[in-house]
Amino acid sequence: MSESARSVSEGQQRYSPAEIEPKWQARWDADESLYAAEGHDSGKPKFYCLEMLPYPSGQLHMGHVRNYAIGDALARFMWMRGYNVLHPMGWDAFGLPAENAALKNNTPPREWTLANIAAMRLQMRRMGLSYDWATEVTTCLPEYYRWNQWFFLKMYERGLAYRKKSKVNWCPECQTVLANEQVIDGTCWRHEDTLVEQRDLTQWFLRITKYADELLSGLDKLEGWPEKVRTMQRNWIGRSEGTLVDFAVDGGAEKITVFTTRVDTIFGATSVQLAPEHVVAKNFAASNPVLAGQIEEMLAQQKAAREAGDLGAIEKHGVDTGRFAVNPFNSELVPIWVANYILADYGTGAIMSVPAHDERDFEFAGKYGLGVRRVIVPKAGGTAEEVLPYTADDDAALVDSGEWTGESSVDAQVKMAAFAKANGFGTATVTYRLKDWGVSRQRYWGTPIPMVYCERGHTGVEAGGVVPLPESALPVVLPAQVEITQQGGSPLGRVTDFMNTTCPVCSGPARRETDTMDTFVDSSWYFYRYTDAKNTSAPFDSAKANYWFPIDQYIGGVEHAILHLIYSRFWTKVMRDLGLIKNDEPAARLFTQGMVIKDGAKMSKSKGNVVSPDLMIERYGADATRMYALFAAPPDRDLEWQEEGVAGISRFLAKVYRLTTKYAGAATGEKIESTGDTALLRKLHQTIAKVTQDFSGRWHFNTSIASIMILINEISANELAMDSAEISSAAIREVFRSLVLMLAPFAPFLAAELWELIGGEGAVFRVAWPVADAELAREAEMEIAVQSNGKLVTVVKVPAGSDEATTKAAALADAKVVARVEGKTVVKVIVVPGKLVNIVVK
RNA sequence: GCCCGGAUGGUGAAAUCGGCAGACACAGCGGACUUAAAAUCCGCAGACCAUAAACGGUCGUGGGGGUUCAAGUCCCCCUCCGGGCACCA
């Protein structure tokens, strides 16, 4: 007789996830309707639960497992609470790794990607994740990316997509352009050791800056988003109110427009500073070889510093051009300098330098002996010689500033801007740090940009000019047979069949745009497609999107706080303005989970501390693996992966299994109420209350699971009482039924198995969530801490609901309290009913 | 430099509204069961002091100060760690 056969014969089958999980997975896989969302007419409130879609690398990692365990627990809970839940999954399937793999393995990117998707979909099914696969979205398929192209054309029509030549970030490793958002500390977001170069290229941009103000003000309303993410986006948008002021160049026709946030200090300006790239600086240099050389040197130094990754470390320096500018407020001549710390791409690339009231200007003036002129003083004690630079603008007033002398700084900022405007030499303005989104990528594995260049040109289009394709020409399909190289621009440029086409307007020869779109375009609107994934005539049906949106809960890593989460907010606003949707923001609530750490560092291949989810599933089962991911730390904090902990959860599940199977027979028992029931039912209802509360509030599933463990410990401690019928079978039935239901969001396989064993009807995660009965949950006795002067003396028991007088009397009657208080004067007694008594003595 | 987080036993953590600090687990130790081990079950477990034992005492939530009958929790100052932004005019 075999080992396992004997244990079965004893009626004590052991918990075996290796048998339970594949069995249920097969049943679930066979039932397409199991996790399908219902229609708008379901009569239930809707709940859109979404986890960020993964890049199909081929392997789920623990970060994914954690992310999906959180989302899955929530989705299942919401089903059980009677919601119509949309819980979809998809693949962010374009991107460079597929091209790298193609180079390495000689596999076409499409094949490699689709194989990875199949592998990861299977892993997700093994995890028991409740996705509606009928709505699956794969961004690298033409059914999806044709709508990227469609949106691109819509944006082009509205001037939101445009082409311009500019300095762009170039990653030599990726051999492509990067958006500003993809440059981290001067390096590529995919290659932290690769410094990004600046190149002059003609590229496609999306006009995200048009929505800068709305993207910023909308953050205030996103109360369901972490403050951290909102702050990061605010900083990224970098709105700054100020004034543009034109300084005429003395002895020249040119003018220099400076941007300042402190126009009230303009009477203190003692120089104008230009970025080395500034056009006026270049013009001066044209007739001044010495200056030209100095500017050249400055640019070279900046380039070197950028390549060393430490732009901030170069010392501020500048050169006097020998020319002067006219301050339009007082007609004073101030010297024009070129300085290395002036940024060409912020504001106008030119500033007025006011050493008395700006830290950097003060430092710079000190170095070169430029004038320092105080024009702002504190309102209170304005005559005091406070230390310069004095940079405050609240409770500050102007001095030596002509007709504005005596004005407050804040008022003067408004009035002087208005004056400049009235006199035609300036205006109030708003500047942003946010730049338009460069979306051209010189890579193969991405969405082709639906534009052609008409070679001969036709009316309104010069030779080689841009012509948008008509919608009927979509999708522009990526050619399949492409030689992938990482040199010499987009691989599409070498596919002549693709390249050579005809102009849709004049039918003359034309060549296609060979750049592809940034993959962040794909992920900017994918969650709308889930609501209508099979639509072949539109990106989605507006009625469907309007029913489901906004996303009720979006869950993902904080690393997307700027990139994906700002692009997708932008896309939502564009789609709203196209009349496709009604919502202003994609997600009402956002949750950013912590990282998964091992041995003190984020899990990564390079650190060699990766723990494979497959291995964990093999050793402990999917239920134990996902439950551990929820138990080891609250979801917003970093989680240290300790395999012993997974083993611990596995032991807990085994205990649940043993006890539930042992008492499964109680389901058919007679219905007698017993006095032994009270304590066990009390613990049950306390547990239901706790777990329910955690779901609706802060998602501290670690404490939910802890409270279920306490319940199991209590059940285990009552085994004798249950065996001897001191506890009724009705109570036993209720306890196990609720226990299994509470387990369903965390350990769905085991819950399904046990639900069947105890005779439950239907799918366990569609059964109504148990409701806590406050009456049953109430303790009969309360433990009251008794303190003397705030120090614990003893704990006394009083009947539940005892009033203040009773509680106080019980505390004062305690022998230890009497001994402590004896011989001292009781100053006062503080009673917190149900909690504590504090006797203050002298 | 600026802006967010965070710091609690050997470890992960709990304490949700200012009210018994360390729930629940991991690792550990002791015991039961076993020829033995695994598994399982029972028990111990913040530090220090005291004690034959029991009862006990003192300290304790990064450091310092404050408010309060009462502080991990509130206020002020500081240290360290993680993250974001940064010559942004």
Side-chain angles (χ1 to χ4, degrees), chain A residues 7 12 14 184-185 226-236 238-240 242 258-262 265 273 275 302 305 311-316 339-343 345-354 357-361 363-364 431-433 558-559 561-562 594-595 597 602 628 631-634 636-649 651-652 654-655 658 690 693-694 697-698 700 702-713 716 719 783-795 827-832 834-841:
Chain A
S7 62
Q12 290 278 305
R14 283 177 51 191
I184 314 290
D185 286 336
E227 189 53 46
K228 180 191 171 114
V229 172
R230 295 200 278 168
T231 305
M232 282 166 74
Q233 293 209 358
R234 276 189 199 104
N235 290 342
W236 187 261
R239 184 179 199 272
S240 181
V258 305
F259 173 71
T260 177
T261 54
R262 291 297 304 273
T265 67
Q273 305 280 344
Q302 274 183 354
L311 202 55
I314 33 175
E315 207 187 327
K316 290 177 190 45
N340 66 343
Y341 69 95
I342 307 301
L343 302 174
D345 59 358
Y346 182 79
T348 58
I351 65 152
M352 64 177 198
S353 178
V354 185
H357 305 294
D358 182 276
E359 296 280 355
R360 272 163 318 163
D361 293 348
E363 183 194 333
F364 192 85
T431 298
Y432 297 92
R433 212 188 76 96
V558 75
E559 65 273 17
I562 303 291
M595 289 187 298
I597 304 286
K602 183 177 181 175
Y628 173 74
F631 177 68
D636 52 343
R637 269 213 236 175
D638 286 352
L639 181 155
E640 169 82 28
W641 194 268
Q642 289 178 316
E643 191 170 334
E644 297 82 3
V646 190
I649 294 287
R651 280 196 291 272
F652 161 72
K655 199 165 169 179
R658 181 182 73 78
K690 169 71 184 156
Q693 188 189 26
D694 277 340
R698 19 170 241 175
H700 280 201
N702 53 332
T703 60
S704 316
I705 294 167
S707 67
I708 297 174
M709 287 173 170
I710 294 170
L711 176 63
I712 271 292
N713 291 344
S716 176
E719 239 183 302
E783 295 199 333
I784 304 294
V786 185
Q787 299 177 331
S788 170
N789 291 352
K791 284 195 175 181
L792 185 70
V793 177
T794 189
V795 175
V827 180
K828 64 173 156 175
V829 180
I830 287 147
V831 181
V832 184
K835 284 257 166 89
L836 120 172
V837 175
N838 190 9
I839 302 157
V840 186
V841 295

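Note on naming: letters A, B, ... go to the chains in the order of the sequence lines (proteins, then strands), and numbering restarts at 1 for each one.
- Nearest nucleotide to the A:Leu836 side chain, out of B:C87, B:G19, B:U11: B:G19.
- With P as the reference atom, B:G22 and B:G72 are 12 Å apart, rounded to whole Å.
- B:G82 and B:C87 are spaced 26 Å apart, taking the C1' atom of each and rounding to whole Å.
- Distance noted for atom P between B:C29 and B:G83: 36 Å (whole Å).
- If you check every strand for non-hydrogen atoms under 4.0 Å, A:Gln787 touches a base.
- Separating the C1' atom of B:A70 from that of B:C85 is a span of 41 Å, rounded to the nearest Å.
- Between A:Phe364 and A:Tyr341, the distance from one ring center to the other falls under 6.0 angstrom.
- Side-chain N/O atoms of A:Arg698 include one lying less than 4.0 angstrom from OP1 or OP2 on B:A15.
- Of the side-chain N and O atoms in A:Arg637, one or more sit less than 4.0 angstrom from OP1 or OP2 of B:A14.
- Within the 4.0 Å cut-off from OP1 or OP2 of B:A89, at least one side-chain nitrogen or oxygen of A:Tyr346 is found.
- Distances were taken from every side-chain heavy atom of A:Val795 (C-beta onward) to each of B:A14, B:C20, B:G84; the shortest belongs to B:C20.
- Taking only side-chain atoms of A:Lys228, from C-beta outward, the nucleotide of B:A25, B:C4, B:C20 with the closest atom is B:C4.
- Judged by distance alone, with hydrogens and angles left aside, A:Lys316 brings a side-chain donor or acceptor within reach of the base of B:C87, the pair sitting under 3.5 Å.
- Counting non-hydrogen atoms under 4.0 angstrom, A:Ile342 reaches a base of the nucleic acid.
- Between A:Arg360 and B:C88 there is a side-chain N or O to OP1 or OP2 distance below 4.0 Å.
- For A:Ile830, counting side-chain heavy atoms from C-beta on, the closest listed nucleotide (B:G12, B:G19, B:G84) is B:G19.
- Only the C1' atoms considered, B:G56 is 9 Å distant from B:U51, to the nearest whole Å.
- Annotation: B:A14 and B:G46 have their C1' atoms spaced 15 Å apart (nearest Å).
- For A:Glu644, counting side-chain heavy atoms from C-beta on, the closest listed nucleotide (B:C26, B:A89, B:A14) is B:C26.
- Comparing atom distances between the A:Phe631 side chain and each of B:C26, B:A13, B:G12 picks out B:G12 as nearest.
- Using atom P as the reference point in both B:C2 and B:C77, the two lie 13 Å apart (nearest Å).
- Remark: A:Arg433 CZ to A:Ser240 OG distance equals 12.0 Å, nearest 0.5 Å.
- Classified by its glycosidic torsion, B:G9 falls in the syn category, the angle being within 90° of 0.
- The side chain of A:Arg14 places no N or O atom within less than 4.0 Å of a non-bridging phosphate oxygen (OP1 or OP2) of B:A38.
- When the side-chain nitrogen and oxygen atoms of A:Asn713 are compared with OP1 and OP2 of B:A25, one or more of them lie within a distance under 4.0 Å.
- No N or O donor and acceptor, one from the side chain of A:Asn235 and one from the base of B:C85, sit under 3.5 Å apart.
- OP1 or OP2 of B:C59 has at least one side-chain nitrogen or oxygen of A:Lys791 nearer than 4.0 Å.
- Comparing the C1' positions of B:C44 and B:G5 gives an interatomic distance of 37 Å, to the nearest angstrom.
- In this structure, A:Ala561 and A:Gln233 approach most closely via the heavy-atom pair O-NE2, 2.8 Å.
- Residue contacts for A:Asp361: at a heavy-atom cut-off of 4.0 Å it reaches no nucleic acid atom on any strand shown.
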